[in-house]
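Here the structure is a predicted model, which means the values were calculated and not measured. Sequence positions, counted from 1, serve as the residue numbers for this chain.
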Amino acid sequence: MGTTGSATPERTDLRARPLSGSSPSGTTDRPGPHAFWRFLPAAAAYLLLVCLLLASDTPIGDIARYTFYVLWGVVLPGTLVFRALRRRPHSLVEDLAFGAVTGLALELVAWAVLVGTGAQAFALAWPLAVVVPFAAVPGLRRHWRPRGYTRPSLGWSWSVSGTVMLSSVYFHQVFLSLYPVLPDKEGSRLFGDMPYMLSLAANAKQNVPLTLPQASGEPLYYHWFTFAHMAMTDLVGHLDLAVIESRLMVPALAALGMVITAVVARRLIGRAWAGPLAALLVFAVAEFTAAYPNPVPTWTFGAPAVRLMSWSSLSQTYSQPLLIALMGVVGEALRRSRRDGEAVTDGEGGDRAPLFGRGVYVLVAMFALASTAAKASTLPVTLAGLALAGLVLLITTRRVPWHVVGLGAILGGAQLFATAVIFNFESYGLEIIPFGNVRSYWTDAGGLRSPAFQVLVVVGTMVAFVLNHQLKLLGAIPLISKRRFRLEPVQWFLLGASVAGPCAYLVVNGYNSSYFTLAALPFGAVLSAWGFCETFERAALGTRAKAALALGVVAFSALLTFGIYRYSGRWSAYVLRLAGDERHAATYSALLPALGLAAVLALAALVGAVLWRLGGRVWPALRGRGGIVLLTAALTAGTPGLFHDVLQSRQELWSYSWVMPGSQVQAARWIRAHSEPSDVLATNSHCWELEGPLPAGATCDNVRSQWLSAYSERSVLIEGWAYAPRAMALSGGSAAYNGPFWDQELFRLNEDAVYRPTAEILNRLHDRHHVRYVVAHRPSGAESPLLADLAKKVYDNGRMAVYELS
């Protein structure tokens with residue numbers, strides 16, 4: 001393996017040591033557990049999720065069809081192609097995990113061809129394009145039943161399965177058991193942006209590229225690959241988009257994310273048990289905070305890693321498995337020597353998987369193209385990590401690392417494609433304003449602070465930022481320290497990406513830039529797991545010591561969870577009073593409770609370290625093991641967030657959930673059943689307030705009406721335009737646009753059709769704009785009585801009325 005320096009003798013000894021959870025050489029010749037026991041962990045995770053879905057009113061037929069779709073439309077074609085691209089098999093779980101991600105990438109190509117040619121009716125058969133060649137070509141048939149697999153231990157399998165089951169229970173508690181598949185009551189609530197995302201998925205069933213459903217025909221320059229995936233799920237599995245969005249896709253993609261994280265971490269680190277640890281750091285360990293409850297308005301540094309982001313940002317959920325797989329194959333390509341890209345000998349290290357071979361570059365291209373328009377923040381972070389690895393190789397070897405240059409060309413080409421073709425160079429209002437997202441915490445408009453105190457506030461703000469999102473990445477510090485910055489290329493890659501994300505957040509202004517931080521977390525989590533593994537191995541704990549450490553983790557996490565839950569209000573009041581800020585007047589007030597808690601924990605760690613050192617003189621078994629205890633505690637400090645999410649969700653609904661009356665959904669679904677996908681709708685519904693319709697005479701300041709296009713699955717001439725690219729550019733990227741529609745003449749025509757209709761106006765809508773139905777939303781304003789004389793009323797539930805134009 002190419003490194004930037006010789007491995008230390010201590011590290012070589014670690015590699016020679018048998019690793020917990022790994023399979024020693026030659027296990028393929030030994031009889032292993034019966035197949036029932038080997039597949040039981042996966043079956044248990046699947047059956048638990050099925051039970052939770054059934055308990056959440058998910059039809060069993062939909063679960064069966066979705067299972068068929070996943071196996072037939074994603075896993076089967078993807079696994080066959082992945083096996084053809086990788087050189088030697090390693091494990092079945094690796095083939096299936098990377099195969100599923102490969103299937104997601106192939107699915108995008110199939111979607112573009114099918115929808116672009118109007119052949120959606122043949123979507124069910126698209127996997128045959130892969131299956132038939134692999135069945136007919138002799139050289140490809142061997143990939144149906146590869147030989148030479150190593151079998152992961154049952155402990156590893158149950159650990160990964162346990163992380164998946166944990167996420168399933170979490171999703172059930174915070175969402176599945178609380179929100180219906182379809183709003184069915186007048187007071188029903190759901191996340192504000194879910195109708196918007198549903199409307200994009202419906203649009204993806206008919207358009208390549210997508211258009212904005214809320215403004216018929218308006219181009220959509222956005223990372224919309226997520227919604228192409230949802231469209232294919234509908235077309236292949238014959239599933240309702242609402243069921244896909246609110247029940248099926250999130251738990252499935254999260255499970256895939258956890259498994260691919262475990263596989264990638266095991267492959268890159270060479271330690272089996274690093275996989276479950278990395279998965280927990282990515283998906284289960286939340287931000288460090290001293291606040292409970294912690295609703296959206298109290299988020300201090302943008303979007304969090306958990307806290308229901310799985311549904312409020314489906315693009316984040318969909319992009320994560322793609323990004324983690326991309327991280328894995330780029331890291332795999334960096335496992336090369338300095339000799340002009342010559343591959344390293346396979347089997348280097350106790351649990352290192354064999355190299356993928358030349359096919360890794362094809363996988364990099366596939367995952368990069370799929371990632372870049374799944375979430376716009378993913379590829380820039382990956383490129384930054386690769387650039388750092390290439391720079392270090394160039395400096396240390398004094399030779400151009402051509403394999404890194406090749407990888408950079410692939411990633412750069414994918415980024416250019418998305419920027420120019422998919423995004424049309426649209427920035428959505430994001431601007432380069434250094435510290436624009438955090439400087440409000442240290443603003444001193446009156447100039448009342450002394451220079452020294454102002455420096456303290458600035459430093460405190462940056463410390464709070466690092467603690468909030470980056471505490472679980474502390475495992476990287478002992479790794480870097482022990483090696484004295486003589487890292488392997490793949491480690492430089494992970495380090496560069498993990499630093500680039502938060503740096504981008506600090507440079508690019510706007511709430512959406514927080515997704516750069518989230519994109520960097522998987523890289524940092526793998527690096528942190530790597531450092532933890534080596535620190536743990538150096539500690540050489542015995543069985544009792546390992547059990548004591550595990551019990552300590554549970555106790556510390558439980559104590560911190562209960563303490564914040566029970567006393568966070570009092571703690572916040574105490575810290576603010578101590579700081580002389582009882583009125584919460586200071587700009588940095590929101591940061592003080594977390595900084596105070598961190599200070600208390602740091603002091604406790606310092607006292608503990610002193611006592612540990614003194615105890616080591618009496619009890620030699622303590623010597624050299626304090627570091628692993630301290631590191632474990634630091635990585636555990638974010639675990640309360642997951643449990644607090646559950647507690648908070650059971651006590652109060654998501655603070656950005658909006659009223660979605662069932663009568664509106666019923667009307668939209670009636671239109672869906674009595675119209676063609678090409679039909680256009682017109683409506684007077686443009687505003688959506690958090691708590692329902694506006695009072696009479698009130699002014700609309702929230703043009704985010706998206707329900708009609710979502711639940712009817714039809715484009716609307718003008719509904720809500722808050723998320724239109726041309727409108728978002730005017731909002732500075734930090735909030736939805738709430739100004740007037742850009743074409744006032746068309747807007748007046750649309751409004752006149754409801755409030756001042758004439759035969760000429762309705763004919764213009766029908767003939768020129770292809771409007772079939774005028775949908776009157778009476779809470780926004782009752783339609784003119786003349787409309788019933790000029791058009792045929794086909795639906796009326798009191799709140800909504802639908803008129804057909806002919």
When Val263 is tested against each of Glu94, His90, Met258 for side chain to side chain contact (heavy atoms under 4.5 Å, CB included), which residue passes?
Glu94

Any chance you could measure Leu198, atom CG, to Leu314, atom CG, to the nearest 0.5 Å?
9.5 Å

Find out whether Met249 and Met230 are in side-chain contact, i.e. whether some heavy atom of one side chain is under 4.5 Å from a heavy atom of the other.
yes

Ring centers of Phe523, Phe493 separated by less than 6.0 Å
yes

Is it true that a side-chain atom of Thr79 and a backbone atom of Gly99 form a donor plus acceptor pair closer than 3.5 Å?
no

Can you give me the closest heavy-atom contact between His143 and Leu80, atom names plus distance?
O-CD2, 3.9 Å

Can the ring centroids of Trp311 and Phe171 be said to lie less than 6.0 angstrom from one another?
yes

Between Arg266 (side chain only) and Arg271 (backbone N and O only), is there a donor and an acceptor less than 3.5 Å apart?
no

Between Tyr170 and Phe283 (judged by ring centroids, cut-off 6.0 Å), do the two rings come close enough to count as a pair?
no

So, Ser319 side chain and Gln316 main chain: donor-acceptor pair closer than 3.5 Å or not?
yes

In the structure I gave you, are the side-chain heavy atoms of Leu85 and Met366 within less than 4.5 Å of one another anywhere?
yes

Polar side-chain atom of Trp144 near backbone of Phe134 as donor-acceptor pair, under 3.5 Å
yes

Residues Arg247 and Asp62 bridged, charged N to O under 4.0 Å:
no

Any side-chain donor-acceptor pair under 3.5 Å between Ser315 and Tyr222?
no

Look at the side chain of Ser528 and the backbone N and O of Gly524, then say whether any donor-acceptor pair between them is shorter than 3.5 Å.
no

Gap between atom CG of Leu416 and atom CG of Leu411 - 0.5 Å precision:
12.5 Å

Would you find more than 12 non-hydrogen atoms of other residues, nucleotides or ligands less than 6.0 Å from Arg142 atom CZ?
no

Test item: Phe39 and Leu92 side chains (from C-beta on) under 4.5 Å apart, heavy atoms:
yes

Aromatic ring pairing Phe68/Trp72, orientation class (parallel under 30°, perpendicular over 60°, tilted between)
parallel

Report yes if the side chains of Val405 and Val400 come closer than 4.5 Å at any heavy-atom pair, otherwise no.
yes

Thr378 side-chain N/O to Ser371 backbone N/O, donor-acceptor pair under 3.5 Å:
yes

Does anything in residues 362-384 pair up under ring-ring contact (aromatic ring centres under 6.0 Å, His included), and if so which pairs, sequence neighbours excluded?
none

Is the gap between the ring centers of Phe82 and Phe356 under 6.0 Å?
yes

